[in-house]
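Input: a single structure, listed below in structure tokens.
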Amino acid sequence: MEKYVSDLMAGVKAKNPGESEFHQAVQEVAESLTLVLDREPRYRKAKILERIIEPERVIMFRAAWQDDKGELHVNRGFRIQMNSAIGPYKGGLRFHPSVNLGILKFLAFEQVFKNALTTLPMGGGKGGSDFDPHGRSDAEVMRFCQAFMCELFRHIGPDTDVPAGDIGVGAREIGFLFGMYKKLKDEFTGVMTGKGLTWGGSVIRPEATGYGAVYFADEMLKTRKEDLKGKTALVSGAGNVAQYTVEKLITLGAKPVTLSDSTGYIYDEQGIDRDKLMFVMDLKNNRRGRISEYADKFKGAVFTKVDPKLDYNPLWNHKAECAFPSATQNEINGKDATNLLRNGCYVVSEGANMPSTIDAVNQFLDAKILFGPGKAANAGGVATSGLEMAQNSMRIRWTREEVDARLFNIMKNIHDVCYRTAEKYGTPGNYVNGANIAGFTKVAEAMLDQGLV
Ligand code: NDP
């Protein structure tokens with residue numbers, strides 16, 4: 001089997017040169033799947049994994065727009081339609097200067113398994129652009145979103161492909177994108193999720209990923225007859241996922257002490273409470289300022305600028321029982337994992353996608369801590385997007401309590417299926433194997449049923 005994985009990876013690297021994040025994501029999944037491929041030769045015979053690795057369709061296009069000074073800009077747009085075996089393509093759009101084909105393929109690949117775990121009928125996709133919204137006026141962001149949608153609209157639809165937000169794409173961007181789609185298609189459909197509440201959005205969608213990551217951590221703790229109450233938590237990021245992770249941690253009696261953005265991080269030994277969180281939400285969502293302002297505002301909090309040349313991130317070097325990486329991929333490397341473990345961390349719930357390197361993941365698994373991989377722990381966002389799609393199709397709206405209860409149940413089910421699957425395949429407590437195998441099996445069965453397409 002080792003040879004199967006190394007041959008597979010050699011092929012993936014040769015066919016997808018330079019796409020290191022995509023290689024990393026495939027490698028992690030392939031290693032887990034050896035357990036199931038050994039038991040189920042029919043999956044290997046039908047080359048299911050080889051087919052899942054190849055996107056069904058990749059769309060790449062130009063998005064040209066004009067800034068407020070009249071200068072012209074050319075960005076690149078992408079949509080990766082990875083797998084539609086169990087439903088329409090579903091996954092977010094990311095606007096960040098680092099976006100490239102390899103990053104979006106890794107995200108789309110992860111999304112296939114994650115969406116399968118939610119039990120909702122959603123295939124996997126991802127998209128975005130190397131456009132950087134930082135420092136851009138609302139009018140510039142609108143013009144870019146319109147240029148982007150002028151091409152994307154012909155490839156998506158409520159039964160084909162339903163994008164949502166991700167890094168750099170929040171409520172403002174979804175509004176501009178949806179507005180242009182509606183104008184071009186002349187129809188009001190649930191083609192995007194994360195919409196505003198007055199025009200088809202679901203309550204709890206903004207909160208869902210962060211809430212879900214905390215629910216997942218709590219479920220993992222329950223297996224050891226513990227909960228989050230009184231535990232200290234390190235949280236990275238200061239965007240959508242980080243904000244609602246902090247909110248739910250506070251609700252469940254934990255003490256979040258850090259937040260970060262691309263400039264550095266704040267450490268607040270007293271804990272981030274609701275008032276301080278409100279300040280962060282206004283800072284990030286309305287004023288679009290830097291996290292350092294937190295330390296200017298609140299006594300006792302310290303801002304540390306993070307030097308990108310450092311080979312570790314000091315955020316992960318504080319005493320805490322829990323870590324919720326909620327910024328971006330590969331933000332916890334091997335050194336960070338060592339620091340976390342040394343400082344007593346034994347719960348890691350990944351709000352971000354693939355925030356831990358393979359070295360870091362292996363350290364967590366070897367140390368037998370409670371490690372919830374992103375494709376399980378952060379599935380609450382896409383699950384609630386699925387609930388938004390259901391409400392749009394039925395033209396009804398559920399209440400906050402109803403959606404939150406459904407989200408909680410979905411996260412509990414995802415936890416339980418990962419836990420049980422890990423046990424079934426002889427690796428108890430290994431949620432990485434559990435998530436990869438459970439997600440894969442569902443998609444694989446659908447692909448077998450549907451023939452070679
Ligand atoms: P946001 O854009 O709302 O926030 C991202 C945060 O992370 C910002 O504080 C940003 O800092 C920081 N960040 C982003 N890129 C980098 C980087 N390269 N280095 C350092 N800091 C960085 O995004 P989300 O909160 O929506 O997404 C965060 C993570 O969660 C991503 O991995 C995303 O894929 C994942 N995720 C999101 C879901 C959702 O529903 N939104 C669903 C599932 C997963 P700055 O402001 O300086 O850019």
Side-chain angles (χ1 to χ4, degrees), residues 21 25 90-100 103-104 106-108 110-111 114-115 117-118 122 124 126-128 130-136 141 163-174 192-194 202 204-213 216 235-246 258-266 280-281 283-285 287-294 305-308 310 313 315 324-332 349-356 372-386 388 407 411:
E21 292 85 0
K90 180 89 197 88
L93 296 172
R94 176 177 291 191
F95 291 170
H96 192 272
S98 65
V99 161
N100 59 37
I103 288 183
L104 293 180
F106 116 65
L107 289 163
E110 293 271 302
Q111 197 82 45
K114 183 191 308 193
N115 293 4
L117 289 172
T118 66
M122 297 181 292
K126 200 83 188 187
D130 57 358
F131 171 73
D132 186 358
H134 286 114
R136 292 290 172 197
V141 170
D166 189 77
I167 292 178
V169 179
R172 172 181 64 169
E173 290 75 17
I174 296 286
M192 309 226 25
T193 56
S202 172
I204 308 276
R205 176 59 190 93
E207 293 89 334
T209 309
Y211 280 16
F216 196 88
V235 181
S236 63
N240 172 270
V241 179
Q243 291 170 16
Y244 290 104
T245 295
V246 166
T258 59
L259 279 171
S260 70
D261 63 18
S262 45
T263 58
Y265 79 100
I266 59 99
V280 173
M281 286 179 163
L283 173 74
K284 284 292 175 186
N285 308 346
R287 295 193 282 123
R288 298 181 192 273
R290 311 312 298 173
I291 197 67
S292 55
E293 284 187 41
Y294 182 104
K305 199 167 177 304
V306 175
D307 178 356
L310 269 185
N313 184 344
L315 186 156
F324 291 83
S326 311
T328 193
Q329 64 273 1
N330 291 331
E331 53 172 315
I332 298 182
S349 188
E350 294 187 332
N353 283 307
M354 207 171 74
S356 312
K375 62 174 79 67
N378 71 36
V382 73
T384 310
S385 277
E388 182 172 331
L407 168 65
M411 293 314 297

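The model shown is predicted, which means the values in this text are computed figures rather than measured ones. Whatever order the structure lists ligands and atoms in, that order sets their numbers, starting from 1. Throughout, residue positions are numbered sequentially from 1 according to the sequence presented.
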Heteroatom distance test ([X], ligand 1): nitrogen or oxygen, under 3.5 angstrom:
{"X": "G168", "answer": "yes"}
{"X": "D166", "answer": "yes"}
{"X": "K114", "answer": "no"}

M192 and L93, any side-chain heavy atoms less than 4.5 Å apart: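 Yes; the side chains approach each other to less than 4.5 Å.
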Trace of the salt bridge (Lys or Arg N to Asp or Glu O under 4.0 Å) decision for E350 with K375: CA-CA 8 Å; E350 294 187 332; K375 62 174 79 67; over 6 Å; no
For [atom], which of the options [options] provides the nearest non-hydrogen atom?
{"atom": "atom 21 (N) of ligand 1", "options": "S262, P325, A238, A352", "result": "S262"}
{"atom": "atom 10 (C) of ligand 1", "options": "L107, I167, D261", "result": "D261"}
{"atom": "atom 3 (O) of ligand 1", "options": "T193, D132, N240", "result": "N240"}

List ligand 1 atoms under 4.0 Å from [X], heavy atoms only on the residue side.
{"X": "R290", "value": "47 (O)"}
{"X": "G351", "value": "30 (O), 35 (C), 36 (N), 44 (C)"}
{"X": "R94", "value": "31 (C), 32 (O), 33 (C), 34 (O)"}
{"X": "K284", "value": "46 (O)"}

Starting from [atom], locate the nearest protein heavy atom and write down its residue, its atom name and how far away it is, to 0.1 Å.
{"atom": "atom 32 (O) of ligand 1", "value": "N353 N, 3.2 Å"}
{"atom": "atom 15 (N) of ligand 1", "value": "H96 NE2, 3.6 Å"}
{"atom": "atom 13 (N) of ligand 1", "value": "A327 CB, 4.2 Å"}
{"atom": "atom 46 (O) of ligand 1", "value": "H134 NE2, 3.5 Å"}
{"atom": "atom 16 (C) of ligand 1", "value": "T328 CG2, 3.8 Å"}
{"atom": "atom 24 (P) of ligand 1", "value": "V241 CG2, 3.9 Å"}
{"atom": "atom 4 (O) of ligand 1", "value": "G239 CA, 3.3 Å"}

Any sub-3.5 Å donor-acceptor pair from [X]'s side-chain atoms to [Y]'s backbone N or O?
{"X": "R205", "Y": "G381", "answer": "yes"}
{"X": "S236", "Y": "S326", "answer": "yes"}
{"X": "T384", "Y": "V382", "answer": "no"}
{"X": "N115", "Y": "K90", "answer": "yes"}
{"X": "S349", "Y": "A213", "answer": "yes"}
{"X": "E173", "Y": "G170", "answer": "yes"}
{"X": "N378", "Y": "A352", "answer": "yes"}
{"X": "E331", "Y": "T328", "answer": "yes"}
{"X": "D261", "Y": "I291", "answer": "yes"}

R287 and E293 ion-paired at < 4.0 Å: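 Yes, charged N to carboxylate O under 4.0 Å.
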Option from R94, Q111, E21, K114 for which side chain to side chain donor-acceptor pair (under 3.5 Å) with N353 holds: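 Only match with N353 under side chain to side chain donor-acceptor pair (under 3.5 Å): K114.
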Please work out whether any backbone atom (N, CA, C, O) or any side-chain heavy atom from C-beta onward of [X] is under 4.0 Å from ligand 1, and answer side chain, backbone, both or neither.
{"X": "R205", "answer": "side chain"}
{"X": "Q329", "answer": "neither"}
{"X": "T209", "answer": "side chain"}
{"X": "E331", "answer": "neither"}
{"X": "S260", "answer": "backbone"}
{"X": "S326", "answer": "backbone"}

Separation between OG1 of T258 and CG of N313, rounded to the nearest 0.5 Å: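 Atom-to-atom, T258:OG1 and N313:CG are 9.5 Å apart.
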